[in-house]
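Numbers restart at 1 for each chain; the letters A, B, ... are given by sequence-line order, proteins then strands. FYI, side chains are in, hydrogens and waters are out, and symmetry mates aren't considered; it's all heavy atoms of this structure.
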Protein chains: 2
Amino acid sequence: MRLVVARCQVDYAGRLTAHLPMATRVLMIKADGSVLVHSDGGSYKPLNWMSPPCTLAEGHDENGTAEWVVTSTKTGDSLRILLEEVHSDSSHELGVDPGLVKDGVEKHLQELLAEHPATLGEGLVLVRREFPTAIGPVDLMCRDAEGRSVAVEIKRRGEIDGVEQLTRYLELLNRDPLLAPVRGIFAAQAIKPQARVLATDRGISCAVVDYDALRGMDDAEARLF
Amino acid sequence: MRLVVARCQVDYAGRLTAHLPMATRVLMIKADGSVLVHSDGGSYKPLNWMSPPCTLAEGHDENGTAEWVVTSTKTGDSLRILLEEVHSDSSHELGVDPGLVKDGVEKHLQELLAEHPATLGEGLVLVRREFPTAIGPVDLMCRDAEGRSVAVEIKRRGEIDGVEQLTRYLELLNRDPLLAPVRGIFAAQAIKPQARVLATDRGISCAVVDYDALRGMDDAEARLF
DNA sequence: CATTTCATGTCGCGG
DNA sequence: CCGCGACGTGAAATG
């Protein structure tokens, strides 16, 4: 890992072209050759960058100014960095990172709900997870106490897209005489008001899911075995 | 901008929880207080981060180890960084960045198709670009050889969202007796199978656009003047 | 390897 | 401030 603080100008050419006027920035060069150009603001996204695999060639332009050219070995995208003044240039041995451990994503939520479908509605029984349709899999297909089909769409955060998605599934599923009538449940840890309005308007019910409670149920169950 | 190279452990709690075991990494602290944790690989996305607005509190844990706690002032998300050993710690004055100048493909594609609507369908004539409706502008409004209205939605990559968008426009436009009947064309440089199925099912035709060929037509035309 | 879906998405625009 | 769409989306899982 090499860190350079320098007054520089950057030009990118690839799927689009982009230009950064001369200013002081931080250049991060990772062990795999990838380059990040960061300013002192914004968020985690660099102003400009080159993803691996790529190669960095250090040279000089016609005026003798230091020039780096980073080229993607795969796509041919290029990043040209003109270094007017280097304030700092240091390298550090980092070693391989053990990696990130995450907890609490949609997949886990789907697993928990698949194991406890009744939390979505009394008497609900799981028929199948990732129920296949022509336009993609329905997260959960269930049957209610009356034996009617229920399609469940699960999101971490319930927004309008999710309702649209479930609507498409329902439209398709309801054309199948073996399944119809199919009703829908939109399940999420939190549901935005607009999404709730749209869902309700389309006869889709909403279920707010308590992730911690579900995990608790799961743990309690696991302890029995 | 402060750059710290340190052996550290990181724990994030927010929309999800995530843990980084003890290892040597680069910590980037921007002027607005935001923090990025980078390893020597991956891509431009940090292993962990905190977006502004946030505050960084430096202190020590119960064992006397240096501990940073970064808290989002808005969402309450927190990032806890334990620093076992600091290899380097430097600060740099960067100043305000003049910002990125982009020259994209999306808008250009719309301009080219506006100039050559017949490539989307024989006899097609442009009525207006960015045709206004209550729910947003239609990319291109045209008329075909028979004088019927045609709404065109343009995407670089044709996916299901684009079909949904065009469907909403068509539904609205077809309520206008001066325009109706309006048919739709979904134009993109590439159209995903699922999007094509949905479009076809809804009576929307698909047009795959050759960007380079269009640009070539435009250049040839420009040479005449 | 192509494709689809998820993301602590982020970013920017318009109402 | 919120909704919505684009992104050099990237990255992971899956067939």
Provide, to the nearest angstrom, the distance between the [atom1] atom belonging to [X] and the [atom2] atom belonging to [N].
| X | N | atom1 | atom2 | value |
| --- | --- | --- | --- | --- |
| A:Tyr169 | C:dT5 | OH | P | 6 Å |
| B:Arg168 | D:dG3 | CZ | P | 15 Å |
| B:Asp77 | C:dA7 | CG | P | 15 Å |
| A:Asp139 | C:dT4 | CG | C1' | 13 Å |
| A:Leu47 | D:dC7 | CG | P | 18 Å |
| B:Arg196 | C:dT3 | CZ | P | 13 Å |
| B:Glu153 | D:dG5 | CD | C1' | 10 Å |
| B:Glu164 | D:dG5 | CD | C1' | 14 Å |

Of all the choices, [options], which nucleotide is nearest to the side chain of [X] once you look at every atom?
| X | options | answer |
| --- | --- | --- |
| A:Ser43 | D:dG8, C:dC11, C:dT8 | C:dC11 |
| B:Asn48 | C:dT5, C:dT8, D:dG3 | C:dT8 |
| A:Pro137 | D:dG8, C:dT5, C:dT8 | C:dT5 |
| A:Lys155 | D:dG8, C:dC6, C:dT8 | C:dC6 |

What distance separates B:Ser205 OG from B:Leu120 CG, expressed to the nearest 0.5 Å?
-> 9.0 Å

Hey, what do you get for OG (B:Ser149) to CZ (B:Arg183), rounding to the nearest 0.5 Å?
->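 So the OG of B:Ser149 and the CZ of B:Arg183 are separated by 10.0 Å.
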
So with a 6.0 Å cut-off around CD of A:Glu58, is the heavy-atom count from everything else above 12?
-> yes

Any chance the side chains of B:Arg202 and B:Thr167 put a donor and an acceptor closer than 3.5 Å?
-> yes

Going by distance alone, is a donor N or O of one side chain under 3.5 Å from an acceptor N or O of the other, for A:Lys30 and B:His38?
->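 The criterion, which ignores hydrogens and geometry beyond distance, is satisfied for B:His38 and A:Lys30.
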
A:Gly14 or B:Gly42: which one's nearest nucleotide on DNA chain D is closer to the 5' end?
->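 With A:Gly14 and B:Gly42 compared, the 5'-side residue is A:Gly14.
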
Residue mapping more 5' on DNA chain D - nearest nucleotide basis, A:Asp161 or A:Met50 =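 That would be A:Asp161.
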
Would you say [N] has OP1 or OP2 under 4.0 Å from some side-chain N or O of [X]?
| X | N | value |
| --- | --- | --- |
| A:Gln165 | C:dT5 | no |
| A:Lys192 | D:dC2 | no |
| B:Lys45 | C:dT8 | yes |

For [X], which contact category applies under a 4.0 Å heavy-atom criterion: base, sugar-phosphate, or nothing?
| X | result |
| --- | --- |
| B:Tyr44 | sugar-phosphate |
| A:Glu159 | nothing |
| B:Lys74 | nothing |

Starting from the 5' end of DNA chain C, give me the residue, A:Arg156 or A:Gln110, whose nearest nucleotide shows up first.
->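 Per heavy-atom nearest nucleotide, the more 5' residue is A:Gln110.
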
Using the C1' atoms only, state how far C:dC6 lies from D:dC7, rounded to an integer number of Å.
-> 15 Å

Between N or O atoms, less than 3.5 Å apart, protein on one side and nucleotides 13-15 of chain D on the other: list the pairs.
{"from": "D:dT14", "atom 1": "OP1", "to": "A:Lys107", "atom 2": "NZ", "distance (Å)": "2.9"}

All N/O donor-acceptor pairs, side-chain side in residues 76-83 of chain B, below 3.5 Å, sequence neighbours left out:
{"from": "B:Asp77", "atom 1": "OD1", "to": "B:Thr75", "atom 2": "OG1", "distance (Å)": "3.0"}
{"from": "B:Asp77", "atom 1": "OD2", "to": "B:Tyr12", "atom 2": "OH", "distance (Å)": "2.7"}
{"from": "B:Arg80", "atom 1": "NE", "to": "B:Glu67", "atom 2": "OE2", "distance (Å)": "2.6"}

Could you tell me which non-hydrogen atom of A:Arg143 sits nearest to which non-hydrogen atom of A:Val127, and how far apart they are?
->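 Closest heavy-atom pair between A:Arg143 and A:Val127: CG-CG2, 3.7 Å.
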
Donor-acceptor contact below 3.5 Å, side chain A:Asp201 vs main chain A:Val197 | no

